[in-house]
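First the proteins, then the strands, lettered A, B, ... as listed; each starts at 1.
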Number of protein chains: 2
Amino acid sequence: MLAKTVPCTHITGLGRMTRVSTDHSGPQYGPQYSGSGDPKRSIELLWGIQERPKRGPKPRLTVERIARAGIEVADAEGLAALSMRQVADRVGVGTMSLYTYVPGKAELIDVMLDTVYGELVAADEVPGGWRAKLEHVARQNWALFHRHPWTLQVAASRPALGPNATTKYDYELRAVEGIGLTDLEMDAVVSLIVGHAEGAARRAVDAAEAERRTGLTDLQWWEAYSPLLDEVVDANQFATAARVGQAAGTAYGAAHDFEYGFEFGLQRVLDGIEGLVRGRGS
Amino acid sequence: MLAKTVPCTHITGLGRMTRVSTDHSGPQYGPQYSGSGDPKRSIELLWGIQERPKRGPKPRLTVERIARAGIEVADAEGLAALSMRQVADRVGVGTMSLYTYVPGKAELIDVMLDTVYGELVAADEVPGGWRAKLEHVARQNWALFHRHPWTLQVAASRPALGPNATTKYDYELRAVEGIGLTDLEMDAVVSLIVGHAEGAARRAVDAAEAERRTGLTDLQWWEAYSPLLDEVVDANQFATAARVGQAAGTAYGAAHDFEYGFEFGLQRVLDGIEGLVRGRGS
DNA sequence: TTCAACTCGGTACAGAGTACGGATTAATGC
DNA sequence: GCATTAATCCGTACTCTGTACCGAGTTGAA
């Protein structure tokens, strides 16, 4: 019953999937939300239930293939460029044909998300104690966010709990199993670690995206921007910001070194957790 | 020269602001980016340079008024609902008139951002040491993100460094001034604290937004969702996730208690920083 | 053979950002 | 006083979005 790999391998034939509750009827601008549609449909999609229907022509596509096309588009051009038309073009089909397989764009993104979670192979036992395991979790997430930056733009509350998302959560929790924390603390610790990776990756990815968009590196941008700022601002007013900003700029050769920020923060967070664990352990 | 309060009080008359480099010519779907346009124009906008032109009819609006209208819309209905048409309606003017004051939507959002930063009054000296000050910084940001959830959706790399953003950064850095950290570490520490507040707030705000959108609380949603999941998933496969998820659910009466997560993480992060500071101080 | 179920996809619609250009208004130069 | 010039204001139009709707083609079962 449980597909540990990529879901939706053989989900087709859901018929014309009409929405049950269209509470936001217009087109969906702005950020993409997760888990908007009918829960039952979403679960069937993610977990690959729903057998092939008997009648009708054989489907040319699968949900998985559509999701992979979507991931390719989003990886290459960002979530903003992910349109149903673009995905349809890529799989060589009319735009509206996608709606045979997927109720809408939101659900497609849900499937895309769970699919990329499938990349975290959960190299099951990382040697070492909880600290090494949590470090591994953090770096895994950091890397995933870099491989698929668009995941940062998907609001992940009420996540579509597909097989891979569930596997991921379970795996992350097991890093802090049996070290004296309560269940609530375990959840909070994992949340803290993943949250740090997410935040740090968000900064890095935003910067890379800005560079792609403008053709200027952070440093180049700053060199163009800061003299203009100097004409306007009295640096003495912001002595600390000016000093620290300059120090960071010259040290990194850019406005920020995001990897340093990630690693620095990670060690501080782990240190903080260590204090808690020691208190429980003894 | 330096406006410490809300900028743009008297910026008008920038003429028809034609874009210099329209490298993304179409309409701007998806997430909103900060700092996209001409740096010079942006700085003038944010810092309130540019005197009233002599010729021509008296302007009926100010950039500040437009920005405040935009903030009202975004606060009430989210960044997705923030359209130029809506803002224009609210200030009682034709849509295209806004483009007399602001080069485009991206720059409007920049001004909106710096305006809300102006709410952080920087109650200058918080009693206590660096830890109390950093706690204050974290809670200030946490509260700001809750008052203006849309700020979380604005990619903030290459921030439009307006007067209030600069004041905020400077203030936050001064919390860890003179305690033995290098400039780089100061920046990293502030970044870590603000990043944690941002990440925690993001989860809370996403959940609130999901509730508004669907009319279901997290708990109600979970009660509808989880039995469907049970039909499909073998709980033994995900023993840890199932146990912890259930514990968190029953303890909070919801899938997560975000305030707890924020405070828990904040203390861990501060503990981690404390270790670093102690190492330097002695 | 008939028919119901299914896939495929063309057309249409509302709503987004904003380029363009015309109408109106006000201050300056003669 | 009058023409000139620089602003403000804004209606129209264009492209791109997600997707509702419906007709056409395809297949397995009765």
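- Rounding to whole angstrom units, CD1 of residue I66(A) and P of dT7(C) are separated by 11 Å.
- In this structure, R68(A) does not pair ionically with E72(A), as no charged nitrogen and carboxylate oxygen lie closer than 4.0 Å.
- The OH atom of Y101(B) sits 8 Å away from the C1' atom of dC9(D) (whole-angstrom rounding).
- Applying the side-chain hydrogen bond (donor to acceptor under 3.5 Å, both in side chains) criterion to R85(A), with sequence neighbours excluded, gives no partner residue.
- Between Q86(B) and T95(A), the residue anchored closer to the 5' end of DNA chain C is T95(A), taking for each the nucleotide with the nearest heavy atom.
- Nearest-nucleotide positions on DNA chain D place G56(B) closer to the 5' end than the other of V93(B) and G56(B).
- OP1 and OP2 of dT7(C) both lie 4.0 Å or more from every side-chain N or O belonging to R60(A).
- An OP1 or OP2 oxygen of dT7(C) is reached within less than 4.0 angstrom by no side-chain nitrogen or oxygen of Y99(A).
- Contact annotation: side chain of R85(A) to base of dG18(D), donor-acceptor pair present below 3.5 Å.
- Side-chain N or O atoms of R202(A) include one that pairs as donor or acceptor with a backbone N or O of L152(A) at under 3.5 Å.
- A side-chain N or O of R203(B) and one of S191(A) form a donor-acceptor pair less than 3.5 Å apart.
- The nearest whole Å value for the distance from the CG atom in L98(B) to the C1' atom in dA7(D) is 16 Å.
- In this structure, CE of M96(A) is placed 7 Å from P of dA20(D), rounded to the nearest angstrom.
- Between K58(A) and dG28(D), a side-chain N or O to OP1/OP2 separation shorter than 4.0 Å is present.
- For dT27(D), the base has no donor-acceptor partner in the side chain of R55(A) [N/O atoms by modelled type, under 3.5 angstrom].
- Taking the charged nitrogens against the carboxylate oxygens, E107(A) and R41(A) have no contact shorter than 4.0 Å, which rules out a salt bridge.
- The listed nucleotides are dT19(D), dC6(C), dC10(D); the one nearest the side chain of M84(A) is dT19(D).
- S97(B) has a side-chain polar atom (N or O) that falls below the 4.0 Å cut-off from OP1 or OP2 of dC10(D).
- Picking from dG11(D), dT17(D), dT8(D) the nucleotide with the shortest atom distance to the side chain of S83(A) gives dT17(D).
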